[in-house]
Amino acid sequence: MRVPEVDLYTAINSLLDQIPEGRVSTPYHLASSLGDSDAAPSISRIMRNELRKNRHKIVENLVPETKIFRDFSSDMPLKRLAELQLSMSKRVIQEDDFKELNRFAGVDAAYRGYEVYAVCVIMERSFKILEKASTVSTVHFPYISGYFMFREAPSIERTSKLVSEFDLLFVNGHGIAHPRCCGLATCVGLELDIPTIGIARRRLVSSNGEKHYDCKSLLRDGASACTELRTDSRSPLYVSVGHRISLETSVKIVNEMMLKGNLPEPLRSAHIDARREMKKIR
DNA sequence: GCGACAG
DNA sequence: ATCTTGTCGC
């Protein structure tokens, strides 16, 4: 079961096209019709910043109920994708599952409009960079909290396949510290069948997994979904299991790979390079 | 009044 | 994430 490359921009636009002249709808009704009312805040932002052309069809404030169009015909893509995340989460391996840990990789993406520049870097534990690869592609999925993997996984995976074999991949995004226990790092780990560690600057769910409303069974008794890591007095980093590694080992490795800044070196390197690639091509 | 959301 | 120079501060 591979993760589909969904064109959600087209899905949203086809909903907007269904709104008759003189009628309006709301981010909440759009999100519900896409299959997840929790996505309403994201839909609101997307209408404001990305799909401005149809912005007049959407109102934030309450209007007379009869004005609001809600009879959308939709195949509920977000509902389908959320179910996919749930089923994927059941395949996560939260134990160390690797032979050796010599070659670390980090992958990150930078955006300019709908163009995404991704870079994957391989380095030794000594921080010596061995290899790099980059790609440029087009995104068809907006950023929606909880569905980030459907925006970024395609380019991340494509780029990570261009470099030689490595033992572990650092990913910029949560692993199982996700509402459905399937963040970007977990998705990439499962799809490429490699050990991955999820790194994020903000938490998506409470550390004890309280908000893992759909997948509590993945967290044994009092275990945490992620560990808050503080290097010096910098802003914290949230580390979670992506795939084929334990949280304990993940934290140990992340600490070991901290060099400068507040990201483990493979990620920091990939982040800088992705940004540089993005700036360069213009 | 509560909650506020990875990149 | 991105729009954005130099600059104030931990």
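Since this is a predicted model, take the numbers as computed values, not measurements. FYI, side chains are in, hydrogens and waters are out, and symmetry mates aren't considered; it's all heavy atoms of this structure. Throughout, a chain's letter reflects where its sequence line sits, starting with A, and its residues are numbered from 1.
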In whole Å, what is the span from the [atom1] atom of [X] to the [atom2] atom of [N]?
| X | N | atom1 | atom2 | result |
| --- | --- | --- | --- | --- |
| A:Leu204 | B:dA6 | CG | P | 6 Å |
| A:Asn49 | C:dT2 | CG | P | 14 Å |
| A:Asp36 | B:dC5 | CG | P | 16 Å |
| A:Tyr117 | B:dG7 | OH | P | 21 Å |
| A:Asn172 | B:dG7 | CG | P | 6 Å |
| A:Glu157 | B:dG7 | CD | P | 18 Å |
| A:Arg203 | B:dG7 | CZ | P | 13 Å |
| A:Leu184 | B:dG7 | CG | P | 10 Å |

Minimum-distance nucleotide to A:Asp108 side chain [options: C:dT2, B:dA6, B:dG7]: B:dG7
A:Tyr143 ring center within less than 6.0 Å of A:Phe148 ring center: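 Close enough - the centres of the two rings lie under 6.0 Å apart.
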A:Tyr111-B:dG7 aromatic stacking (under 5.5 Å, under 30°):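 One would not call A:Tyr111 stacked on the B:dG7 base.
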Are [X] and [Y] connected, step by step, through hydrophobic side chains (Ile, Leu, Val, Met, Phe, Trp, Tyr) whose heavy atoms are closer than 4.5 Å?
| X | Y | answer |
| --- | --- | --- |
| A:Met258 | A:Leu101 | yes |
| A:Ile93 | A:Ile245 | no |
| A:Val136 | A:Phe141 | no |

Short side-chain N/O contact to C:dT2 OP1/OP2 from A:Arg275, under 4.0 Å: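 True: A:Arg275 side-chain N/O within range (under 4.0 Å) of C:dT2 OP1/OP2.
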Dot-bracket encoding per residue of DNA chain C, Watson-Crick/G-U cut-off under 3.5 Å, | denoting interstrand: ..........
